[in-house]
Amino acid sequence: MQAIILAAGMGRRLGEKTKDNTKCMVEVNGVRLIDRLLGQLSSLHLSRVVIVVGYQRENLIRYIGHRYDDRLRIEYVENPVYDRTNNIYSLALAKDKMMEDDTLLIESDLIFSDRLFTMILQNPSPNVAMVAKYEAWMDGTVVRVDGDMNIVNFISKQAFSYDDVDKYYKTVNIYKFSRDFSRNKYVPFLEAYCQALGNNEYYEQVLRVITLLDGSDLKAQPVGSEPWYEIDDVQDLDIAETLFAEPDEMMERFNYRYGGHWRFPKMLDYCYLVNPYFPPQRMKDELRASFDALLTEYPSGMMVNALLAGKNFGLHSSHVIVGNGAAELIKSLMEHMGRQPIGIIYPTFEEYPHRLHQEDIVAFRPATDDLSYSADDLMAFYADKDIRQLLLINPDNPSGNFIPLPDVLRLARWCGERKITLVVDESFVDFSDDFEHNSLLNDDLLEGHPNLIVIKSISKSYGVPGLRLGILASADEALIDWMKRDVSIWNINSFAEYFMQIYSKYDKDYLKACRRFIAERRRFEALLRQVTFLKVLPTQANFFCCQVTRRFTSAELTRRLLVDYNIIVKDCDSKTTLEGCNMIRLSIRDEADNNQLVKALKELEEE
């Protein structure tokens, strides 16, 4: 067995990273791709490694030097016209060597688990392509397979259909070819293809022709859960460095992304807090049916979107402003409030205090083990404090503490008597028991409490974080007018606007989704309470705050779940007042996902 590595390309999309070096010289977490690959090949007892070089070949050959002489016999094939040809020509230059032995064919811009070589070599079929189930972020060669994992078609770009993506696999660009296959099929077809269509093509096209004409000589070997990535641009590099980071650095890298976890489709994300049962499929289909218009047309301005929000929540448009997520409104509101003392309940959603000067914060910290507190606790604490605003997140994040509506209104009246503005973030209120009667989004309530400001993240409750929607409501029309001037007139996109436009048709589905969620929370809580190293705090939100009481620290448990199970949870050690408390926050997903998390926790418990 030999290996052929294609490393002639220029890698233009990597910009400065490949200005003076070919792609395989790019570093991922401090290790060059070529070193990682040659290190992996060193354990396979190969007869030789053939590297097809072109762009910056002198640098690559000089860098490799003789460092691998004791482990690998390395030969080079030069592609002098790398800038005018594609990888079919690079492989054609190595065709004679390809026919001399069984071959592993590898593209040099890959990073992948050590297990992949073992998997492809242990596959009993002589001709095998490594493949991964197709995901939306993937680009490149796509295949279809039959029930026996025979590759039956290489899908051309013209034939690619998004209606069939669930049947597609993406090639990982690692192949195993027998010498007989290379001699009798691949190389003859390669020569004919290049003669007929030229050298600016891809070597997979030859496999496509063979598959169409000669049946199923090529098997697919799925990568399963093993990590891999193809690095074509700087964003690919960032993702690869996250996937292949050391455990502590991996956790840090995921945290600073602040989302975008859809780029890691095999990950189970227990950090981000959304409704798993809404929107319904029909609503998604309706959004999809209007995709072309929504993509190519401008959204409406602030006035129209305030009307839409008011229609959905029963508010006058002069009492509401729509934001590009609640975060935009939080920023605007905190800036409007200026330098005045504000009561903050810790631990909290850090977006609020991060917008404030720390010396303006008057902090309340619950004295209870379960982080619970009441309206009376707040009134007693702040009775002798000089504050101009008080922030209440209800249910709170990350504790899940909830103050019932009558008590919130009592707190609002108490604040009003003291000329204190009460800001209530009720982003999670629709997950509370009896949620239909717990919201402050009501014109009569707002007008009766002019010192009251209500914020709600639509992303969380309605399961559409990608749309970036939030609202702020108050009877203080001067505040609403100021904020409408402060944010951009086109601060939300057409998809978000259309969601608000059609939502009322699905309001009954939303009520069903919330009830279904509450039932799943109860079931999930019962399972979590069976994990002996977790103390589960009561919650009325769509997450549980849990204390890790033994076996692990919160950091250790978070790291183990990520590295061993590809499950990401929130380590609350970064939360103010929870440092060293060994708290984690677990979002509540659907039944299947929650069972998977509990299974992982049980396995860790039984170690």
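In what follows, residues are counted from 1 in the order of the sequence shown.
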Novice: Mind checking what makes side chain to side chain donor-acceptor pair (under 3.5 Å) contact with Asp396, not counting sequence neighbours?
Specialist: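 Scan of Asp396 (side chain to side chain donor-acceptor pair (under 3.5 Å), adjacent residues dropped) gives Tyr373.
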Novice: Anything under 3.5 Å between a donor and an acceptor, one on a side chain of residues 275-284, the other on a protein residue two or more places apart or in another chain? List them.
Specialist:
from	atom 1	to	atom 2	distance (Å)
Asn275	OD1	Tyr277	N	3.0
Asn275	ND2	Ser461	O	3.0
Gln281	NE2	Asp285	OD1	3.0

Novice: Return the CD to OG distance between Gln501 and Ser494, rounded to the nearest 0.5 Å.
Specialist: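 Spacing of CD (Gln501) from OG (Ser494) equals 10.5 Å.
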Novice: Can you label the angle between the Tyr462 ring and the Tyr503 ring as parallel, tilted or perpendicular, going by 30° and 60°?
Specialist: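 Ring orientation of Tyr462 relative to Tyr503: perpendicular.
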Novice: Determine the minimum heavy-atom distance between Leu273 and Ser587, stating which atoms define it.
Specialist: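 Closest heavy-atom pair between Leu273 and Ser587: CD2-CB, 3.5 Å.
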Novice: Please list, chain by chain and in numerical order, all residues satisfying side-chain contact (heavy atoms from CB on, under 4.5 Å) with Glu436, sequence neighbours excluded.
Specialist: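 Once residues adjacent in sequence are excluded, the partners of Glu436 under the side-chain contact (heavy atoms from CB on, under 4.5 Å) criterion are Leu511, Arg515.
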Novice: Can you list every pair that meets salt bridge (Lys or Arg N to Asp or Glu O under 4.0 Å) and has a residue in residues 344-364, with sequence neighbours left out?
Specialist: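 Sorted result for residues 344-364: Arg339-Glu359, Arg339-Asp360, Glu351-Arg355.
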Novice: Where does the angle between the aromatic ring planes of His319 and His316 fall among parallel (under 30°), tilted (30 to 60°) and perpendicular (over 60°)?
Specialist: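 The arrangement is tilted - the two ring planes meet at 30° to 60°.
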Novice: Does the structure place the NZ or CZ of Lys133 under 6.0 Å from the centre of the six-membered ring of Tyr169, at an angle of no more than 45° from the ring's axis?
Specialist: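 The answer is yes; both the distance and angle limits are met.
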Novice: Are the aromatic rings of Tyr272 and Tyr270 close, with centres under 6.0 Å apart?
Specialist: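 Centroid separation for Tyr272 and Tyr270: 6.0 Å or greater.
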Novice: Would Met334 and Leu356 count as a side-chain contact (heavy atoms from CB on, under 4.5 Å) if you check the C-alpha gap in whole Å, the side-chain angles of each, and the deciding distance to 0.1 Å?
Specialist: CA-CA 7 Å; Met334 294 294 102; Leu356 301 168; 3.6 Å; yes
Novice: Applying side chain to side chain donor-acceptor pair (under 3.5 Å), name anything that partners Gln358, two or more places apart in sequence or on another chain.
Specialist: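 By the side chain to side chain donor-acceptor pair (under 3.5 Å) rule, Gln358 matches no residue at all.
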Novice: Please report the shortest heavy-atom distance between Arg585 and Pro398, naming the atom on each side.
Specialist: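 Smallest interatomic distance, heavy atoms only, reads CD-CB, 4.0 Å.
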Novice: Quick one: does Lys170's side chain get under 4.5 Å of Glu230's, heavy atoms only?
Specialist: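 Heavy-atom side-chain distance check passes, below 4.5 Å.
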Novice: For Asp571, is there an ion pair with Arg559 - N to carboxylate O distance below 4.0 angstrom?
Specialist: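 So Arg559 does not pair with Asp571 through a salt bridge.
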Novice: Not counting sequence neighbours, which residues clear side-chain contact (heavy atoms from CB on, under 4.5 Å) with Ala380? List them please.
Specialist: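 In terms of side-chain contact (heavy atoms from CB on, under 4.5 Å), with neighbours along the sequence ignored, Ala380 is linked to no residue.
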Novice: Would you please name every residue forming a salt bridge (charged side-chain N to carboxylate O under 4.0 Å, His left out) with Arg418, sequence neighbours left out?
Specialist: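 Scan of Arg418 (salt bridge (charged side-chain N to carboxylate O under 4.0 Å, His left out), adjacent residues dropped) gives none.
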Novice: Which residue pairs satisfy the salt bridge (Lys or Arg N to Asp or Glu O under 4.0 Å) criterion with at least one member in residues 484-512, sequence neighbours excluded?
Specialist: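 Qualifying pairs: Glu286-Lys505.
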Novice: Mind checking whether Phe431 and Phe428 have parallel, tilted or perpendicular rings, split at 30° and 60°?
Specialist: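 It falls in the tilted class, 30° to 60°.
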Novice: Name all residues meeting the salt bridge (charged side-chain N to carboxylate O under 4.0 Å, His left out) criterion together with Asp376; count only those two or more places apart in sequence or in a different chain, and write none if there are none.
Specialist: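 Expected list: Arg410.
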Novice: Testing the basics here: between Cys581 and Asp573, what is the closest heavy-atom pair and its distance to 0.1 Å?
Specialist: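 Closest pair (atom of Cys581, atom of Asp573, distance): N-OD1, 4.3 Å.
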Novice: Which donor-acceptor pairs under 3.5 Å do side chains of residues 387-394 form with protein atoms, sequence neighbours excluded?
Specialist:
from	atom 1	to	atom 2	distance (Å)
Arg388	NH1	Lys419	O	3.0
Asn394	OD1	Ile403	N	2.7
Asn394	ND2	Ile403	O	2.9

Novice: I want to check something: taking the side chain as every heavy atom from C-beta on, are Phe524 and Val598 in contact at a cut-off of under 4.5 Å?
Specialist: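 Result yes, sub-4.5 Å side-chain heavy-atom pair found.
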Novice: Does Phe381 reach the side chain of Pro366, with side-chain heavy atoms less than 4.5 Å apart?
Specialist: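 Sidechains of Pro366 and Phe381: no contact.
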Novice: Might you point out which heavy atoms bring Gly463 and Val274 nearest each other, and give the distance in Å?
Specialist: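 So the minimum-distance heavy-atom pair works out to CA-CB, 4.1 Å.
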Novice: Give the ring-plane orientation class for Tyr382 versus Phe364, where under 30° counts as parallel, over 60° as perpendicular and anything between as tilted.
Specialist: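 Ring orientation, 0 to 90° scale: tilted.
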Novice: According to salt bridge (charged side-chain N to carboxylate O under 4.0 Å, His left out), who are the partners of Lys331, at least two apart in sequence or on a separate chain?
Specialist: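 Counting only residues at least two positions away or on another chain, Lys331 forms a salt bridge (charged side-chain N to carboxylate O under 4.0 Å, His left out) with Glu335.
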Novice: Excluding sequence neighbours, so at least two apart, what forms salt bridge (charged side-chain N to carboxylate O under 4.0 Å, His left out) with Lys311?
Specialist: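 Scan of Lys311 (salt bridge (charged side-chain N to carboxylate O under 4.0 Å, His left out), adjacent residues dropped) gives none.
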Novice: Are Arg522 and Glu525 within salt-bridge range, i.e. N to O under 4.0 Å?
Specialist: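 The answer is no: the pair does not qualify as a salt bridge.
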Novice: Evaluate the ring-ring contact (aromatic ring centres under 6.0 Å, His included) criterion for residues Tyr229 and Phe244: first the C-alpha distance (whole Å), next the side-chain angles of each, then the deciding distance (0.1 Å), finally the verdict.
Specialist: CA-CA 9 Å; Tyr229 218 82; Phe244 289 89; 8.6 Å; no
Novice: How long is the straight-line distance from CG of Asn29 back to CG of Leu237, given to the nearest 0.5 Å?
Specialist: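 Leu237 atom CG to Asn29 atom CG measures 8.5 Å (nearest 0.5 Å).
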